[in-house]
Structure formats: structure tokens, C-alpha cells
Amino acid sequence: MVRYLVTSALPYANGPIHFGHVTGAYLPADVYVRTLRMLGEEVLFVCGTDEHGVAITIGAEQEGKPYPQYVARWREVIKRTFDAFGIEFDIWSGTSICPEHRAASQGFFRRLDDRGWLLKKTSAQLYCTHDRMFLADRYILGTCTKCGYEQARGDECPRCGTWLDPLEMARKTRAVCKVCGNVPEQRDTLHWHLDLPALRDKGFGAWFQGRTWKPNVSGFIGNMLADLQPRPITRDMTWGVPVPEDRAAGETGKVLYVWFDAPIGYVSFTQQWAREQGRPGDWERWWKSPDTRLVHFIGKDNIPFHCLVFPSMLYGMDEGWTMPWQVPANEFYNLQGGKFSTSQNWTVPVDEFFAKYDAEAARFHLIASMPEAADSEWRWEEFQSTNNALLADAIGNLATRVLKFIEKNAEGRIPSLDPGHAEELDRCILGQCGEFGDPALHVLEFRFRRAAEELIRCAHVGNKFVNDLAPWTLRKTDPARAASVLNTACQWLAWMARWMAPFMPQKAQALWEMLGQTTRVAGERWPGLPVAGSWRVLPAGQRLGTVTGLFPKIEDATIQAEVAALEARRAAVAS
RNA sequence: GGCGGUGUAGCUCAGUCGGUUAGAGCGACGGCUUCAUAAGCCGUAUGUCGGGGGUUCGAAUCCCUUCACCGCUACCA
């Protein structure tokens with residue numbers, strides 16, 4: 001029996017997440033998971049914050065906060081955004097708080113070492129005696145050895161684009177620590193490296209080539225595979241998972257590199273979940289089974305780690321670990337013509353957003369504009385258009401036009417269906433479906449935008465049916481037939497509610513209840529495509545719930561104000 | 001610099017194992033309708049498919065070249 005283990009990239013706990021993150025890695029995963037559940041599949045959805053690494057230590061020190069406190073704050077801020085979007089994980093943890101994380105990470109390290117996949121190498125790096133740390137290339141500022149630009153970073157000159165060697169730059173020019181401004185010194189340091197070329201040659205390469213990937217994954221990784229280097233997996237610092245003492249051989253102050261331990265978070269969080277469920281051993285069913293379909297939702301910046309490094313580690317464990325099944329990496333999501341940028345204040349402040357707008361409308365718009373094949377962006381005008389034209393006019397208005405009519409003319413109960421009309425009305429409405437596709441099938445193929453389109457088509461079909469059959473006219477000439485038409489329209493709404501559930505769970509529930517249902521729509525079986533004769537589920541005579549508008553409209557002036565505010569925030573930073 | 005992605009109607013995109021007059025939604029315009037959140041339905045218009053060259057009976061779709069935007073380039077994550 002197949003089961004789905006779904007992960008979303010662990011957000012780094014040193015800042016808020018924005019719409020780009022949400023639509024890239026979290027929302028599609030949530031929709032995928034909700035769809036699978038309605039299809040009756042067994043699913044586990046794992047996420048939490050990535051809390052180690054040097055960027056966090058620097059951020060915490062700048063704020064004068066202990067690392068755990070700094071990280072906890074961002075963990076909470078990030079979670080609040082997910083809650084607002086209705087993104088629900090089965091387990092939400094963090095790499096520094098998950099009780100299982102250290103042992104799991106060290107276990108990977110030991111096992112990979114035992115299997116001979118780890119190499120020890122000594123190399124020279126720049127060390128800041130003031131900050132007492134080795135400096136990552138990007139934390140070194142100096143003069144470009146090529147063009148003379150004085151604010152070049154250790155890895156690359158932002159002006160001429162040249163790749164720089166930080167040691168050479170430090171030798172030839174006055175390079176300083178970006179954090180404190182002092183001149184670093186060169187020191188030798190020993191680090192463990194993951195032997196990626198050996199793993200590739202011993203079978204990982206064949207495994208990768210034997211699977212089909214999205215174009216942005218296969219091209220990129222296929223190229224990297226051709227020119228692999230062993231990759232360092234340790235760092236000189238204290239914040240992180242220590243290299244196991246029994247392997248450190250006297251080396252002190254070494255921790256696992258954040259990118260080594262972060263993806264192990266998927267494993268350790270699963271272990272935590274299993275223990276909290278009272279079945280501690282259950283995690284292995286997820287992580288060591290050929291029946292598990294492991295799906296990593298990520299943005300394209302994470303491709304090397306999820307498609308090369310982490311699966312190489314899993315492969316190197318040689319214990320039958322579950323390998324990634326699909327990695328639906330999205331491209332990037334921008335904002336109104338520019339990149340989301342906290343430093344430039346080119347952002348949508350999320351708390352403000354949710355105070356003013358409907359989170360489910362935002363969910364739908366993000367799905368409908370998701371960067372599946374190419375970068376895309378949030379435009380306020382388009383959000384308005386989606387909300388007004390698609391959600392309010394097409395979907396919401398279909399519900400109110402049918403249900404309010406029933407309230408006024410049919411005592412607020414689902415009208416009866418004359419068996420003599422059923423077959424013809426089925427033809428009328430199902431005949432319009434044309435090349436209708438099942439949204440769930442698109443979701444399973446990670447075509448979320450397409451799935452969103454089908455949902456809108458569903459509403460168009462309902463609207464056309466109501467228009468064509470015009471119950472407001474029929475009611476005067478043939479009341480029984482009018483009742484049958486309205487019954488059919490209600491059945492269609494019930495269909496639409498279930499289709500909406502993975503995308504807009506609360507709105508789907510609201511519509512479900514308006515139709516007089518008291519169950520959870522998310523608990524319904526996914527209905528697939530309607531089949532003549534068997535697609536009606538609502539009993540005639542059922543009392544409707546309270547009928548209200550599902551989606552309020554957004555005024556032009558509101559949107560203009562948002563765009564103006566966006567520009568104003570950026571201008572304030574620039575000045 | 002290397003590698004990858006993208007470039008198709010005003011906007012957002014679909015379509016690329018080559019094949020009839022290049023599609024959808026939104027927006028625009030015209031007509032119909034009045035149950036509904038002034039919503040709905042029908043119809044119309046719009047494109048040298050980034051530029052150039054080539055292969056072919058035939059190319060948005062294959063090859064070469066060129067331009068633009070974006071990303072990655074592995075000791076920031």
C-alpha cells in the first residue's frame with residue numbers, strides 16, 4: 001500500500017517568510033496533501049524551521065539575543081503566517097528543538113563515515129579573531145582583484161561579476177570581516193567532506209538518471225553530476241549539531257554544516273511525530289519503505305540540496321532509505337515587477353494583509369499564479385481580478401443566485417427532483433463539461449494552475465446551466481421542472497464545494513454548510529468527475545443553512561492604495 | 001565566465017516527440033437576460049509565437065546564432 005511523505009523546505013529561522021515562499025513550497029504542498037487525503041491516501045506532511053548556521057548566529061548577536069530565543073521568535077512568526085494561510089502540517093518542529101534531531105543527524109554522520117563516504121581534508125580559510133569565527137566567502141569584503149571595485153564580496157564581485165578567490169583577495173588587498181570590519185587572518189582548519197563523486201559512481205548517478213524530473217531539475221543536476229567535488233559538511237562554530245565525539249578524533253568546535261543537518265530534519269521531525277503519536281517505531285514505515293512516495297516541495301534555489309546532496313546521503317546510508325519520488329521545484333515568485341526584498345521593503349506585510357483580505361482568496365490567487373514553469377509575480381491588480389471576477393462573480397455569485405432563489409421561492413429547502421427530468425437535466429449540465437479535467441489529477445501531476453482553472457470552469461458550467469434553464473421563468477409555467485432544475489443546481493454546488501476543499505478549505509466548508517450539510521467537507525471522498533445518474537448527493541427537502549456571500553469584492557481604490565503603499569515603503573528606505 | 005529556466009494577443013499563461021485558418025482566462029467592445037455580490041449567458045476584435053539564419057513539402061514546435069529577463073554557480077541559506 002502506497003503512502004505519501006510530503007515535505008516543504010524548512011524555512012530558515014532568521015526572518016519572516018513572504019508570499020514567494022508560500023506559493024513556492026508550502027501552499028502547493030498543502031493543496032497536494034489535502035487532495036491526497038480526500039482521495040483516501042495515507043499522507044504525512046512534515047515541516048519545521050531550519051535553525052542552525054552562521055547567518056542565525058550573526059542575526060542573533062546583532063539583536064543581542066541568545067540563539068534559541070532568536071530562533072524561537074522567528075519560528076513563531078513563520079508559523080503564524082502558515083496558520084493564517086490555513087497551511088496545516090502534521091508535525092511542525094525545528095532543528096534546534098526537535099528532541100530527535102541531534103541523534104538522527106549524528107547517526108547519519110556515523111553511518112556515512114562507516115560506509116566510507118566521508119573524507120577529512122585540511123584547508124586554509126580566513127578567520128576573524130574578533131568574532132572568533134571562520135568567515136564564509138560572502139562575509140569577506142575587499143577589493144576586486146580584477147576591476148578594483150572596493151566593496152567586492154569574497155566569492156564574487158557584484159560590479160564585474162568575476163568569481164573571486166577570497167584567499168587571493170586577502171593576500172593582495174585589504175579584505176575585512178563584513179561583520180566587524182577587522183582584518184581576518186589565514187588559518188588551517190580540518191573538515192569532513194561528503195564524497196559526492198564516489199556516491200555518484202557507486203550508484204547514485206544511475207539512480208538519478210533513471211528517474212524523470214522537472215526540466216529545471218534534470219538539466220541542472222545532470223550538469224552538476226558531471227563535475228562533482230566532495231562537499232564539506234562541517235563548520236567551525238558552536239551553534240549546531242556537534243560532530244559526534246567518537247568521530248571527532250580530538251577535533252573540537254566542529255558542528256555539522258547546516259545544509260547537512262537541515263534535511264535530516266525531515267527524518268527527525270517524523271520521528272518526533274511518531275513518538276508523539278505513541279508509536280515511536282512508526283517512522284521507519286515512512287522512511288525505510290519502497291512503498292513511500294517522498295515528495296519534496298521546494299523553490300528552485302533548493303534543487304542541489306534536495307536532488308543531489310540529501311538523496312546522496314540517503315543513498316549512501318545503504319539501509320533501504322526512502323529516496324525522493326518527486327521534487328516539484330517551483331521557480332521564483334516576485335512582487336509587482338520586483339523581487340520580494342525585506343531590506344528594500346518591497347514586501348506585502350503579512351499580518352496587515354490578513355487583517356484586510358481573505359486568506360482563502362489569497363490562497364487561490366497564489367495557486368492560480370504559481371511559478372510552475374517560469375518566474376511569476378504577485379500583482380495587486382491581478383489579485384483583485386481573481387477575487388472579483390473569478391471568486392466573487394463566478395463561484396460566489398453562482399451560490400447566492402441559486403440559494404437565494406430557493407430561499408425566496410422554495411421555502412429554503414432543496415427542491416425535489418422529478419425522476420422524469422433527471423436524465424435530461426444530467427445531459428444538460430454534464431454535456432457542458434466538454435474537456436473538463438479532474439482537478440485532483442492535475443494536482444497529482446503538480447499542475448496546480450491547471451487545477452485552479454478547472455475549478456473556475458466548474459463554476460462557469462453551473463452558471464450556464466442556470467442561465468439556459470432559467471428557473472425564474474419555468475417557475476411560472478412548469479413548477480415541477482423548475483424544482484428539478486434547482487435541485488440539479490444545488491447538486492452542482494455540492495460538487496463544486498468538494499472540488500474547492502483542497503484549495504479553499506474554509507470557503508468550501510461554508511458552501512457545504514449553506515447547502516444544509518453538517519459534516520466536514522474535507523472528510524468527504526473526492527468526487528472526481530460527475531457521472532450521469534449517480535452524481536447527485538443532496539437529499540430533496542434538506543433545509544439550507546444560512547446563505548451569505550462567499551467572497552466580498554475588493555474595490556479599485558483599495559488596490560490603488562496598496563500599490564501606493566508598496567511604492568511608499570520602498571521610497572522610504574531609499575531616501 | 002559556466003550551467004539552467006523563460007521570452008506566444010493589452011495582462012496572465014496553455015500549446016513544442018513539426019502538420020489543417022496559433023488557443024484559454026482576464027480586460028475591451030456588441031447583443032441577450034434579470035434569479036443573484038450591477039452578477040450571468042452569447043458573440044466580436046486583437047498576435048511579423050523576442051530578432052536573424054538554416055533543415056523541411058510544411059516550424060511557435062528541430063538545428064545554429066543573437067538579444068532580453070530570471071536563477072544557480074556548491075564553506076549565506
Side-chain angles (χ1 to χ4, degrees), chain A residues 9-15 50 52-56 58 123 125-126 134-139 153-156 160-163 166 178 189 191 193 196 214-224 226-236 257-259 262 299-305 308-309 331-332 334 339 368-369 371-377 379 381-382 385-386 388-394 396-406 408-409 447 449-450 452-453 456-457 459-460 462-468 470-473 475 486 489 547-553:
Chain A
L10 304 189
Y12 197 56
N14 75 332
D50 172 9
H52 295 137
V54 65
I56 278 172
I58 292 172
S123 60
Q125 288 184 14
L126 293 171
F134 283 91
L135 297 174
D137 294 355
R138 292 196 187 189
Y139 286 116
R153 292 190 324 217
D155 57 341
E156 183 182 19
C160 70
T162 305
W163 266 61
K178 184 180 167 184
T189 181
H191 284 297
H193 290 60
L196 290 169
K214 274 186 77 164
N216 58 356
V217 170
S218 58
F220 189 48
I221 299 297
N223 195 265
M224 284 180 79
D227 183 29
L228 273 184
Q229 300 296 322
R231 184 190 170 90
I233 57 165
T234 55
R235 291 291 185 277
D236 292 287
Y257 173 41
V258 63
W259 259 114
K300 63 178 163 184
D301 52 333
N302 276 338
I303 289 173
F305 304 99
L308 177 63
V309 182
E331 299 292 304
F332 275 12
N334 297 316
K339 291 181 202 175
S369 60
E372 284 174 347
D375 292 358
S376 60
E377 63 183 32
R379 298 200 73 91
E381 305 84 350
E382 285 171 10
S385 170
T386 299
N388 291 2
L390 304 182
L391 298 178
D393 294 349
N397 182 58
L398 174 61
T400 44
R401 73 189 295 205
V402 171
L403 299 180
K404 286 205 171 168
F405 188 85
I406 291 173
K408 285 182 194 162
N409 302 295
R447 298 157 67 102
R449 299 172 69 133
R450 188 69 167 273
E453 283 173 24
I456 297 302
R457 269 201 236 179
H460 286 319
N463 273 314
K464 181 165 166 51
F465 174 81
V466 174
N467 245 67
D468 290 352
W472 49 90
T473 306
R475 166 174 162 265
L486 290 168
V547 178
T548 55
L550 280 174
F551 298 96
K553 292 220 186 188

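Below, chain A is the first sequence line, B the second, and so on; all start at residue 1.
- A:Glu382 places its CD atom 17 Å from the P atom of B:G25, with the value rounded to the nearest Å.
- Between A:Arg379 atom CZ and B:U12 atom C1' the separation is 10 Å, expressed in whole Å.
- Comparing the P positions of B:C13 and B:G7 gives a spacing of 9 Å, expressed to the nearest Å.
- As rounded to the nearest Å, B:C49 and B:A59 have P atoms that lie 12 Å from one another.
- Ring geometry, A:Phe305 versus A:Trp259: the interplanar angle falls under 30°, so the pair is classed parallel (tilted spans 30 to 60°).
- A close approach under 4.0 Å does occur between a side-chain nitrogen or oxygen of A:Tyr257 and OP1 or OP2 of B:A77.
- With sequence neighbours excluded, the residues that form a side-chain contact (heavy atoms from CB on, under 4.5 Å) with A:Pro304 are A:Phe220, A:Met224.
- Phosphate proximity of B:G40 to A:His460: absent, as no side-chain N or O sits under 4.0 Å from OP1 or OP2.
- On the C1' atoms, B:A45 is 29 Å away from B:U6, given to the nearest whole Å.
- Atom CZ of A:Phe405 and atom C1' of B:A36 are 10 Å apart (whole Å).
- Using a 4.5 Å heavy-atom threshold, the side chains of A:Asp301 and A:Phe332 count as touching.
- Backbone-only engagement by A:Arg449 is indicated by non-hydrogen atom pairs under 4.0 Å involving sugar-phosphate atoms exclusively.
- Annotation: of the two residues near RNA chain B, A:Val54 and A:Lys553, the 5′-most nearest-nucleotide partner is A:Lys553.
- Side-chain contact between A:Leu308 and A:Leu228 is present, with at least one heavy-atom pair separated by less than 4.5 Å.
- For B:C72, the paired base is B:G2 (Watson-Crick or G-U wobble, both distances below 3.5 Å).
- B:A28 sits 24 Å from B:U34 when the C1' atoms are compared, rounded to a whole Å.
- Closest contact between the side chain of A:Leu390 and the listed nucleotides B:G40, B:A77, B:G25 involves B:G25.
- Across every strand in view, B:A24 sits in a pair with B:U12 that passes the Watson-Crick or G-U test at under 3.5 angstrom.
- A gap of 37 Å separates the C1' atoms of B:G43 and B:C57, to the nearest Å.
- Taking atom P on both nucleotides, B:G18 is separated from B:C63 by 11 Å, rounded to a whole Å.
- The residue A:Asp50 sits close only to the backbone: its heavy atoms come under 4.0 Å of sugar-phosphate atoms, none of a base.
- At a threshold of 4.0 angstrom between heavy atoms, the contacts of A:Phe134 with the nucleic acid are absent.
- Whole-Å rounding puts the A:Asn467 CG to B:C41 C1' distance at 4 Å.
- In this structure, A:Gln125 reaches the bases: a heavy-atom distance under 4.0 Å links it to at least one base atom across the strands shown.
- No engagement by A:Ile56 is indicated, since no non-hydrogen atom pair under 4.0 Å with the nucleic acid exists.
- Among the nucleotides B:C13, B:G40, B:C72, the one closest to any side-chain atom of A:Pro304 is B:C72.
- Within the 4.0 Å cut-off from OP1 or OP2 of B:U37, at least one side-chain nitrogen or oxygen of A:Lys404 is found.
- Where A:Arg450 and A:Gly549 meet RNA chain B, the nucleotide closest to each residue was compared, and A:Arg450 sits on the side nearer the 5' end.
- Pairing for B:U37 is absent, judged as Watson-Crick or G-U wobble with the two contacts each under 3.5 Å.
- In this structure, CG in A:Asn467 is found 12.5 Å from NE2 in A:His460, a value given to the nearest 0.5 Å.
- Remark: C1' of B:C72 and NZ of A:Lys339 are 12 Å apart, rounded to the nearest angstrom.
- Atom CG of A:Asn463 is separated from atom CG of A:Leu398 by 4.5 Å, given to the nearest 0.5 angstrom.
- Between the C1' atom of B:A36 and the CG atom of A:Leu486 lies a distance of 13 Å, rounded to the nearest Å.
- B:A45 is unpaired under the Watson-Crick or G-U wobble criterion, no partner having all donor-acceptor distances under 3.5 Å.
- Nucleotide B:C17 is matched to nothing when pairs are restricted to Watson-Crick or G-U wobble geometry with both distances under 3.5 angstrom.
- Counting to the nearest Å, the C1' atom of B:G15 and the CD atom of A:Glu372 are 15 Å from each other.
- In this structure, the CG atom of A:Asp301 is 14 Å from the C1' atom of B:G4, given to the nearest Å.
- Pair assignment for B:A59 gives none, since no Watson-Crick or G-U wobble pairing has each distance under 3.5 Å.
- Checking B:A36, B:C13, B:C75 against every side-chain atom of A:Ser376, the shortest atom distance belongs to B:C13.
- Atoms CZ and OG1, from A:Phe134 and A:Thr189 in turn, are 4.0 Å apart once rounded to the nearest 0.5 Å.
- Comparing B:A60 with B:C3, their C1' atoms sit 25 Å apart, to the nearest whole Å.
- Every residue two or more places apart in sequence or in another chain that forms a side chain to side chain donor-acceptor pair (under 3.5 Å) with A:Lys300 is listed here: A:Glu331, A:Asp375.
- Spacing of P atoms, B:G15 relative to B:A9, comes out at 15 Å, to the nearest Å.
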